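Chain letters run A, B, ... following the sequence lines, proteins first, then strands; residues in each count from 1. Heavy atoms only: backbone and side chains are in, while hydrogens, waters and symmetry mates are out. Remember, it's a predicted structure, so these values are computed and weren't measured experimentally.
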Amino acid sequence: MAKKPRTAITPTRDEDFAQWYQQVIKSADMAENAPVRGCMIIKPYGFALWENMQRIFDGMIKDFGVENAYFPLLIPLSFLEKEAEHIDGFAKECAVVTHHRLEQGENGKLIPAGELEEPYVIRPTSETIIGDSMARWIQSYRDLPMKLNQWANVMRWEMRPRMFLRTSEFLWQEGHNAFETAEEAHEDSLKMLGAYKDFAENYLALPVITGEKTDNERFPGAKATYTIEAMMQDGKALQAGTSHDMGQNFAKSLGIKFQARDESEQLAHTTSWGISTRLIGGMIMIHGDDDGMIMPPRVAPSQVIIIPIIRDEKDAGDINKYINGLEQKLKSANIRFKTDNSAERTPNKMWGAIKKGVPLRVEIGAREMEQGVLTYVRRDIGKDSKTTCSIDEFVGSVQDVLDNMHDDMLARAKTFLGSNIKDVDNIDDLISYFKNDANIGFARIDISIMDDADFEARLKEHSLSTRCMPFEDNGKKVLIGKAY
RNA sequence: CGGAGCGUGGCGCAGCCUGGUAGCGCACCUGUUUUGGGAACAGGGGGUCGGAGGUUCGAAUCCUCUCGCUCCGACCA
C-alpha cells in the first residue's frame with residue numbers, strides 16, 4: 001500500500017498550481033479532454049453545475065426583458081467581413097467550413113468534396129448574424145429596445161487551450177441588445193455588467209472588480225468594453241465576463257436602422273454581453289483547496305450529500321428508512337441532495353464527496369439513528385465543523401448553513417483579492433514588484449502611465465497586461481497583472 | 001507558432017540507451033474478514049506499447065514523418 005497522501009489532490013496548489021487545477025477537474029469528475037484538439041467533454045457533474053448557472057442567470061436576464069432565441073452555428077464569411085475591426089480581431093482564430101460532402105478516396109479514406117461557394121465560419125461570436133436579423137426586424141423606434149440572448153456554443157481556435165479557461169469550443173450566453181439612443185446603450189452595457197457582478201458574487205461567491213477595458217483590450221469593433229475581473233489563488237487575473245457598448249459601429253456595418261420619432265432615419269445603438277463556462281474554471285481556481293473542488297452552495301449540483309454508514313448489514317434497512325425521512329424533508333425544503341448508496345467503502349464515499357466539493361456532507365449511521373440525530377460537515381471548513389443535531393434542526397437550518405458557507409467563501413476570496421492589490425507609482429516600481437515571484441496579484445497605478453510610449457512594450461516583456469480601469473477609482477487608475 | 005517535456009491495460013508509471021513479441025502500483029472482478037477521515041489477504045480479467053512509414057530474421061525499444069497532451073512564451077473577444 002502506498003503511503004496515504006496528506007492531501008486529496010497532488011500536487012498541492014503551492015507545489016504546482018497548473019497541475020493542481022487539472023487534477024481538481026479530474027478528481028471532481030467535471031470534465032476531460034475530448035478526442036478533438038482543444039475541446040473538452042463536460043461530464044454530468046460539471047454540466048449539472050453549468051445548468052444551475054444557466055437557470056439562475058437566465059432568470060435574471062428575463063427579468064430585464066431579454067428574450068432567448070437561437071441563431072445558426074455557421075456564419076457566412078461575408079458577414080464577418082462587414083465589420084473591419086471585428087474580423088481583424090477574430091480572423092486568426094476562426095474554424096472555417098468549406099465543404100459539404102465526403103467521398104470515398106482510393107484507400108477507403110473519406111475526403112471532403114463539394115466545395116462551398118462561400119465558406120462558413122463556425123461562430124466565434126454572433127454579432128454579425130444576429131445583427132443581420134435585427135436589421136430586418138427593426139423598422140421603427142417602436143421596435144426598440146430589442147433584447148435578444150442565446151445560450152450557445154462558440155468556437156475560437158486558440159493557440160493554447162486550457163480546460164474551462166480557454167477551450168476551442170465553449171458554452172456561453174451572448175446577449176445582443178439594440179436601442180434608440182447612445183445613452184440607453186451605454187446604460188445597458190453597464191447594467192448587464194452589473195448583472196454579471198451580482199451573479200458572480202451572489203451565486204458563485206466570486207468577488208470581481210468591475211471596470212472598463214483599456215484601448216488595447218477592447219472588443220474588436222466596440223466603442224467601450226466593460227469587464228468583471230477576478231483574481232485566482234495564484235494571483236493571476238481572469239476576465240470573467242464582458243459587456244460591450246458597440247455604439248453605432250455594428251449598426252452601421254450591418255444596417256440596423258430605424259425610423260425615429262422625428263421621422264428621420266437613425267442607426268441603432270447596440271450592446272453585447274457574455275459569460276461562459278470559463279466561470280467554472282474561475283470557481284475552481286478561487287475556491288478549490290488541496291483536497292479539491294469546493295462548490296459554491298447556490299449553484300452546487302448537490303448541496304447536501306448523505307452518506308449512509310452501515311457497519312452491520314442488519315441495520316441497513318433501518319438506516320435507509322431513517323435516511324428516507326430526511327430525504328423527504330430536504331425535498332420539501334427545496335434542497336438539492338444526493339444519497340450515496342454506491343458500493344464504495346465509507347471512507348471512499350467521504351473522500352469522493354470532498355473532492356467533488358459538495359457543500360455539506362451528512363453522515364448517518366446506527367449511532368445517529370439511535371439518537372434521532374445526524375452529523376454534518378461543511379466542505380470549506382472540513383472535519384473541524386462536524387456538527388450533530390436532530391433531523392428537524394438540520395432541515396430547519398440547512399439553508400442558513402449554506403448561506404453562511406456562501407458568505408464565508410465570498411468573504412475569504414474578497415480578502416484575498418483586496419490584500420493582493422499593490423499601489424505603485426511608476427513603471428519601474430511596477431516591473432520590480434512583479435519581478436519578485438513572491439509578489440502576486442494586481443498592481444494599481446495612475447492611468448497617466450499609459451501615456452508613456454514604452455508602457456505596452458514593457459508590460460509585454462513581463463507577461464503583464466492591463467486588466468481594467470476600475471469604476472471604484474473613477475477610471476483614474478488602471479489595474480495590471482498576469483492573466484489567464 | 002517558438003522553447004521544453006510527454007504519449008505503453010481505465011489512471012499513474014517502469015521497460016527504450018546496450019532490439020528478441022510487455023511489467024509494476026492504483027482501479028476493476030470473485031471470495032473471506034472488514035467498514036465513523038482513503039482496508040487486508042487470496043485468486044482473477046484486461047494492453048500489443050498515439051498513428052504512418054522505414055531499417056532488421058525480429059521493433060515498445062533504432063530512424064523519418066505525423067497527430068495529440070502538459071508546461072513556459074507569443075496569441076487571446
Side-chain angles (χ1 to χ4, degrees), chain A residues 1-11 16-19 21-23 26-27 29 32-40 83 85-94 107 109 123-127 154-163 165-168 170 172 174 213 216-222 225-227 237-239 241-244 246 272-276 278 291-292 307-313 315-316 319 343-355 361-369 374-375 377 382-384 386 388 460-463 465 482-484:
Chain A
M1 223 3 259
K3 204 168 62 183
K4 186 172 79 176
R6 235 177 61 255
T7 57
I9 302 294
T10 40
D16 187 341
F17 196 79
Q19 283 303 321
Y21 174 74
Q22 305 274 122
Q23 289 307 316
K26 186 190 283 187
S27 302
D29 206 26
E32 63 185 35
N33 276 315
V36 180
R37 200 209 90 104
C39 293
M40 66 175 179
E83 224 297 335
E85 258 188 65
H86 189 59
I87 189 59
D88 247 22
F90 284 108
K92 291 177 299 251
E93 45 185 280
C94 284
N107 48 6
K109 301 253 190 237
R123 62 180 164 224
T125 180
S126 303
E127 272 75 12
V154 289
M155 179 158 270
R156 298 180 187 180
W157 211 261
E158 301 287 358
M159 287 290 98
R160 192 176 161 198
R162 289 160 151 273
M163 289 245 244
L165 300 175
R166 197 184 301 107
T167 43
S168 299
F170 58 91
W172 76 342
E174 50 177 324
K213 283 286 187 187
N216 260 352
E217 304 274 328
R218 192 186 300 133
F219 181 80
T225 289
Y226 304 104
T227 180
L238 186 73
Q239 177 178 306
T242 46
S243 178
H244 316 288
M246 303 300 195
S272 80
W273 31 282
I275 49 172
S276 72
R278 171 181 267 197
D291 285 330
I307 297 181
I309 298 173
I310 295 167
R311 302 186 68 164
D312 192 338
E313 271 307 315
D315 293 339
I319 290 175
E344 280 295 343
R345 305 180 68 252
T346 301
N348 289 326
K349 289 184 182 184
M350 292 186 180
W351 284 105
I354 290 168
K355 286 187 280 195
R361 183 175 86 234
V362 168
E363 303 172 6
I364 293 181
R367 204 187 288 166
E368 281 79 10
M369 185 176 60
L374 56 71
T375 301
V377 184
K383 60 184 174 187
D384 292 341
K386 265 198 187 184
T388 298
K460 217 168 161 178
E461 200 182 320
H462 298 276
S463 301
S465 58
K482 296 185 181 173
Y484 275 101

Quick one: is [X] getting a side-chain N or O under 4.0 Å of the [N] phosphate, OP1 or OP2?
| X | N | value |
| --- | --- | --- |
| Lys92(A) | A74(B) | no |
| Thr346(A) | G36(B) | no |
| Ser463(A) | A74(B) | yes |
| Arg166(A) | C76(B) | no |
| Lys460(A) | C75(B) | yes |

Using atom [atom1] of [X] as one end and atom [atom2] of [N] as the other, report the distance to the nearest whole Å.
| X | N | atom1 | atom2 | result |
| --- | --- | --- | --- | --- |
| Lys26(A) | A27(B) | NZ | C1' | 13 Å |
| Lys349(A) | G37(B) | NZ | P | 14 Å |
| Glu344(A) | C26(B) | CD | P | 15 Å |
| Glu313(A) | U32(B) | CD | P | 13 Å |
| Asp312(A) | G36(B) | CG | P | 14 Å |

Nearest-nucleotide 5' precedence on RNA chain B, Arg311(A) against Trp172(A): Arg311(A)
Using Watson-Crick or G-U wobble geometry with both distances under 3.5 Å, which nucleotide pairs with [N]?
| N | answer |
| --- | --- |
| G45(B) | none |
| C26(B) | G10(B) |
| A39(B) | U33(B) |

Each nucleotide N or O in nucleotides 68-70 of chain B that has a protein N or O under 3.5 Å away: list the pair and distance.
unit_1: C69(B); atom_1: OP1; unit_2: Gly38(A); atom_2: N; d: 2.9
unit_1: U70(B); atom_1: O2'; unit_2: Gln19(A); atom_2: NE2; d: 2.9

Scan [X] against the nucleic acid and name what it touches under 4.0 Å (heavy atoms): base, sugar-phosphate only, or nothing.
| X | answer |
| --- | --- |
| Phe17(A) | nothing |
| Gly365(A) | base |
| Ile307(A) | nothing |
| Lys355(A) | base |
| His244(A) | sugar-phosphate |

Determine whether any donor atom in the side chain of Glu368(A) lies under 3.5 Å from an acceptor atom in the base of G36(B), or the reverse, and answer yes or no. yes
